[in-house]
Number of protein chains: 2
Amino acid sequence: MESSLTDAAMAPKQGDEGAPDAWLVFAPEVARALGDLAVGTDVLVLTWLDRASRDVLAVHPRGDTKRPETGVFSTRSPARPNPIGLHRVTIVGIDGLRVRVRNLEALDGTPIVDVKPVLGGVAER
Amino acid sequence: MESSLTDAAMAPKQGDEGAPDAWLVFAPEVARALGDLAVGTDVLVLTWLDRASRDVLAVHPRGDTKRPETGVFSTRSPARPNPIGLHRVTIVGIDGLRVRVRNLEALDGTPIVDVKPVLGGVAER
């Protein structure tokens, strides 16, 4: 992905806390996989948080040292054994293999692992 | 993970469509990461769907041939370039490194990639 966020210290904790728009950029080999994405819909983007620590197993949530250290499986910290990021974003534009999304807090150059629709109730599937 | 589901043909499409309870089984090395999981809470479990096809880019949603072929990034099909499964489950028991969860549709032996809390609104973070 391409983003103006280049420094973890600048990044908001979650996309809905002031993250910028970003481009998801796909390889030509997967063009058919993204062919039914639509502007105006929300999707889940899964990323590989390649600058995260993988050997940190407990953190103070949101970096707040007044909160007790908590096992990372109970937090959204990027530090975790397998640093997969999970981001709910709104698609605001599509240009071929490039998909513009609103409010993505991952850093510039973060690899995209997967894109999934948000699931509605059982009747809508 | 350990499950009574051993055959993809038996597995429901989503956990809330009749999937059995299952055990998440963790390595001792990550014990601290799961130390704050709590019975009665919902978590997101990310899995590696190791029996999925990675070269299928479009499918009939839910296997229904009356529905048009759709790019996999717009479906929850396990077939996708990077077959990460995303499952919302309720924790119903914890026994050391083993966590019992309700309604997980992944097959027995599917590797667990990550566990994350469900995010509430901004005020609850």
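Values reported hereafter were calculated over all heavy atoms of this structure, with side chains retained and with hydrogens, waters and symmetry mates removed. Protein chains get the first letters and strands the later ones, always in sequence-line order, with residue 1 at the start of each.
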From CA spacing to verdict: side chain to side chain contact (heavy atoms under 4.5 Å, CB included), Glu105(A), His87(A): CA-CA 8 Å; Glu105(A) 75 282 15; His87(A) 320 268; 3.2 Å; yes

Intermediate values then yes/no, side chain to side chain contact (heavy atoms under 4.5 Å, CB included), Leu37(B) and Ser74(A): CA-CA 6 Å; Leu37(B) 297 180; Ser74(A) 298; 3.5 Å; yes

Stepwise side chain to side chain contact (heavy atoms under 4.5 Å, CB included) test for Trp48(B) and Ile84(B): CA-CA 5 Å; Trp48(B) 182 255; Ile84(B) 301 276; 3.7 Å; yes

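Heavy atoms of Glu29(A) lying under 4.5 Å from chain B belong exclusively to its backbone. If you measure heavy-atom distances from Arg32(B) to chain A, the contacts under 4.5 Å come from both the backbone and the side chain. Both the backbone and the side chain of Val30(B) come within contact range of chain A, each with at least one heavy atom under 4.5 Å from a heavy atom of that chain. For chain B, the nearby part of Pro81(A) is the side chain; its heavy atoms alone come within less than 4.5 Å. Only the backbone of Thr75(A) has a heavy atom closer than 4.5 Å to any heavy atom of chain B. Only the side chain of Leu46(A) comes within contact range of chain B, with heavy atoms under 4.5 Å apart. With a threshold of 4.5 angstrom between heavy atoms, Val72(A) approaches chain B through its backbone and through its side chain.
Counted within 6.0 Å of CZ on Arg100(B), heavy atoms from surrounding residues, nucleotides or ligands total more than 12; the atom is thus considered enclosed.
With chain B as partner, the option from Leu34(A), Leu57(A), Thr41(A) having the largest number of non-hydrogen pairs under 4.5 angstrom is Leu57(A).
At distances below 3.5 Å, at least one donor-acceptor pair connects side-chain atoms of Arg76(A) with backbone N or O atoms of Pro117(B).
To the nearest 0.5 angstrom, Leu86(A) atom CG is 9.0 Å from Asp114(B) atom CG.
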